[in-house]
Amino acid sequence: MEMYEFISPCHFGMEAVLKREIYDLGYDIIKTEDGRVTFEGDAEAVCRANVNLRTTERVLLKAGEFHAETFDELFEAVKALPWERYLPEDARFWVAKASSVKSRLFSPSDIQSIVKKAIVERMKASYGISWFPESGASYPLRVFLNKDQVTIGLDTSGESLHKRGYRILSSKAPITETLAAAMILLTPWKGDRILVDPFCGSGTIPIEAALIAAGIAPGMNRTFTAQSWTNLIRPQLWEDCFEEAREMVDLSVETHIQGYDIDGEIIKAARDNARRAGVDHLIHFQQRAVRDLNHPKKYGFVITNPPYGERLEEKSALPELYREIGQAFGRLDSWSEYLISSYEDTERYIGKKADKKRKIYNGMLRTTLYQYLGPKPPKRKEYI
């Protein structure tokens, strides 16, 4: 059984959540860095990671890692890698993305060109041919340079894994599916507990919570680039993995997941998205302002992504909005609240310091996850 190293990128600040997901799938972690986790697995791991991981953006099969300060060093190091192990003679391959941080080599287009040329030279020698038709399966590559350390991976996922396929319509400031899932998995929430998102927008947080509660794998209804890599992964492995995912689904689970938004049209979009995800029966959506948020039950969870005021015309409304959030939290005195925002005066206007704070990058935007931890519910008595 041949083993590989895989690189899974994630939102900066959510590496621990992704690590736990990978461990739960049964794979060993090799290394954790800012924004990515490297783990080891066999060909089946490609299938299971793509289908099951909720908090990673993609799964890369690591082809090599080395130091390079010049384009000559980059060329020779790439050429020295065993590309014939991964790429068949008719492979269509290209560098889909190159990024450079604090490195001497910083031009993405030049990096892409050099890497492609080096692979071609290696393939010429390996296969004894001078021209490649590139008529076969697609093998996109990604190259990362960080402080002159180069990492190259083959992208097994294709479209980013946050694209589950259910979100067609979205609100003005949507949160990605992967970040929404990470926020939920960071909390002690379980499917039988109350969860409310008072700024649900297009429904991403409630939908991801419902997928988790019902055991629906995030990638079970989409395709992946590596499904055509028959030289590395037997098609039956994909079939087995999808079947395993289908067997885990329990749509009869009882949930208490609610999504509110002040915009009625957005609520309609959220319902449509939930329907496409197959979980509309597990979520109650309602048009409601945060000032009206209240709940008779105790020990619930608020997990939400309120407006940040990224648009200048919205900033003036933020103090009053965050006061209303604080008042709502006050009415839910036994609840736990998790709120992500880039608004610097969040705690000031909510009127309470968070118990914990976690820095998270939502794309290029630096945000903070404010965690207000409520009491644990009393343990249920067991009767013999």
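Treat the numbers as computed from the prediction; the structure is a model and nothing was measured.
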Exercise for review: Could you walk me through whether D42 and M1 pass the side-chain contact (heavy atoms from CB on, under 4.5 Å) test, one step at a time?
Suggested key: CA-CA 7 Å; D42 56 10; M1 180 173 61; 3.0 Å; yes

Practice item. Apply side-chain contact (heavy atoms from CB on, under 4.5 Å) to the pair W335 and F329, showing each step before the final yes or no. Key: CA-CA 8 Å; W335 285 45; F329 285 1; over 6 Å; no

Practice item. Kindly indicate, with the supporting measurements, whether the criterion side-chain contact (heavy atoms from CB on, under 4.5 Å) is fulfilled by H284 and I257. Key: CA-CA 6 Å; H284 172 68; I257 302 169; over 6 Å; no

Exercise for review: Would you sort out whether S341 and Y322 count as a side-chain hydrogen bond (donor to acceptor under 3.5 Å, both in side chains), showing the intermediate values?
Suggested key: CA-CA 11 Å; S341 179; Y322 278 72; 2.8 Å; yes

Check your understanding: Given the rule in the salt bridge (charged side-chain N to carboxylate O under 4.0 Å, His left out) test, do R85 and E2 qualify, once you have shown the distances and angles that lead to the verdict?
Key -> CA-CA 11 Å; R85 178 188 182 194; E2 191 165 8; 2.6 Å; yes

Exercise for review: Please step through side-chain hydrogen bond (donor to acceptor under 3.5 Å, both in side chains) for the pair T367 and N362, ending with a clear verdict.
Suggested key: CA-CA 7 Å; T367 63; N362 186 4; 5.7 Å; no

Practice item. For side-chain contact (heavy atoms from CB on, under 4.5 Å), just list the numbers for Q287 and D263, CA-CA rounded to whole Å, side-chain angles, deciding distance to a tenth of an Å, and then say yes or no. Key: CA-CA 6 Å; Q287 183 179 0; D263 187 331; over 6 Å; no

Exercise for review: In sequence, state the C-alpha distance, the side-chain angles, and the governing distance for E134 and K116, and then conclude on salt bridge (charged side-chain N to carboxylate O under 4.0 Å, His left out).
Suggested key: CA-CA 13 Å; E134 298 201 46; K116 170 82 176 188; 2.9 Å; yes

Check your understanding: Under the side-chain hydrogen bond (donor to acceptor under 3.5 Å, both in side chains) criterion, do S157 and N50 qualify, and how do the steps go?
Key -> CA-CA 7 Å; S157 304; N50 273 296; 2.6 Å; yes

Practice item. Would you please test T70 and D72 for side-chain hydrogen bond (donor to acceptor under 3.5 Å, both in side chains) and show each step? Key: CA-CA 5 Å; T70 68; D72 284 342; 5.3 Å; no

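When the side chains of ILVMFWY residues are joined at heavy-atom separations under 4.5 Å, either directly or via intervening members, Y4 and L81 end up in a single hydrophobic cluster. Put simply, I360 and L18 are part of the same group of oily side chains (I, L, V, M, F, W, Y) that touch within less than 4.5 Å, one to the next. Residues I30 and V37 do not share a hydrophobic cluster, clusters being chains of Ile/Leu/Val/Met/Phe/Trp/Tyr side chains in contact below 4.5 Å. Criterion: ILVMFWY side-chain heavy atoms under 4.5 Å apart, direct or through other members. Under it, V95 and I111 are part of a common hydrophobic cluster. V17 and F12 fall into different hydrophobic clusters, where Ile, Leu, Val, Met, Phe, Trp and Tyr residues are linked whenever their side-chain heavy atoms come under 4.5 Å apart, directly or through other members.
Once rounded to the nearest 0.5 Å, the distance linking CG of D148 with CG of L105 reads 7.0 Å. Atom CG of D90 is separated from atom CZ of F132 by 10.5 Å, given to the nearest 0.5 angstrom. In this structure, K376 NZ and S334 OG are separated by 15.0 Å, a value rounded to the nearest 0.5 Å. To the nearest 0.5 Å, atoms OG (S126) and NZ (K124) are separated by 12.5 Å. Here the CD1 atom belonging to I340 is positioned 10.5 Å from the OG1 atom belonging to T346, to the nearest 0.5 angstrom. Interatomic distance, CZ of R58 versus CD of E159, reported as 9.0 Å (0.5 Å rounding).
Each of I303, I350, V302 was scored for a side-chain contact (heavy atoms from CB on, under 4.5 Å) with L339, with one residue passing: I350. Put simply, the residue from Y139, F224, F93 that forms a ring pair (Phe, Tyr, Trp, His ring centres under 6.0 Å) with W229 is Y139. A side-chain contact (heavy atoms from CB on, under 4.5 Å) with L211 is found for one member of I184, L282, V249, I216 and no other, namely I216. Among T304, T204, N305, the single residue meeting the side chain to side chain donor-acceptor pair (under 3.5 Å) criterion with D197 is T304.
In terms of modelled atom types and a separation under 3.5 Å, the side chain of T178 and the main chain of T55 share no donor-acceptor contact. Side-chain atoms of T187 never come within 3.5 Å of backbone atoms of L185 as a donor-acceptor pair (strictly under, hydrogens ignored). At distances below 3.5 Å, not a single donor-acceptor pair connects side-chain atoms of H281 with backbone N or O atoms of R275. Between the side chain of H162 and the backbone N or O of E57 there is no donor-acceptor pair closer than 3.5 Å. A donor-acceptor pair under 3.5 Å is absent between the side-chain atoms of R358 and the main chain of Y370, judged by distance alone. A donor-acceptor pair under 3.5 Å is formed between the side chain of E21 and the backbone N or O of R54.
By the 6.0 Å and 45° rule, R288 stacks over the aromatic ring of Y260. Judged by the 6.0 Å distance and 45° axis criteria, R348 is not positioned over the aromatic ring of Y343.
Looking only at side-chain heavy atoms (C-beta outward), I267 and Q286 stay at 4.5 Å or farther from each other. You'll find the side chain of L145 stays beyond 4.5 Å of the side chain of V101, heavy atoms only. Here the side chains of Y308 and L365 are in contact, with some heavy-atom distance below 4.5 Å. L60 has its side chain within reach of R142: a pair of non-hydrogen atoms, C-beta onward, lies under 4.5 Å apart. Counting only heavy atoms from C-beta outward, the side chains of M248 and M220 never approach each other to under 4.5 Å. Inter-residue side-chain proximity for L373 and Q371 is flagged as met; some heavy-atom pair is nearer than 4.5 Å. Inter-residue side-chain proximity for Y299 and R193 is flagged as met; some heavy-atom pair is nearer than 4.5 Å.
Across every non-hydrogen atom of Y27 and G41, the tightest pair is CD2-CA, 4.2 Å.
Between E208 and R164 there is a salt bridge, with a side-chain nitrogen of the basic residue lying less than 4.0 Å from a carboxylate oxygen of the acidic one. Using a cutoff of 4.0 Å between basic side-chain nitrogens and carboxylate oxygens, E347 and K352 are not scored as salt-bridged. In this structure, K79 does not pair ionically with E121, as no charged nitrogen and carboxylate oxygen lie closer than 4.0 Å. Checked for salt-bridge contact, R36 and E15 miss the test: no charged N lies under 4.0 Å from a carboxylate O. Of the charged side-chain nitrogens involved, at least one lies within less than 4.0 Å of a carboxylate oxygen, so that K62 and E5 count as a salt-bridged pair.
Atom CZ of R291 has 12 or fewer neighbouring heavy atoms from other residues, nucleotides or ligands inside a 6.0 Å radius.
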Please tabulate, one pair per line, all N/O donor-acceptor pairs under 3.5 Å involving side-chain atoms of residues 233-242, not counting sequence neighbours.
from: Q236; atom 1: NE2; to: D240; atom 2: OD1; distance (Å): 2.8

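For the ring-ring contact (aromatic ring centres under 6.0 Å, His included) condition, no pair includes a residue of residues 55-90, sequence neighbours left out.
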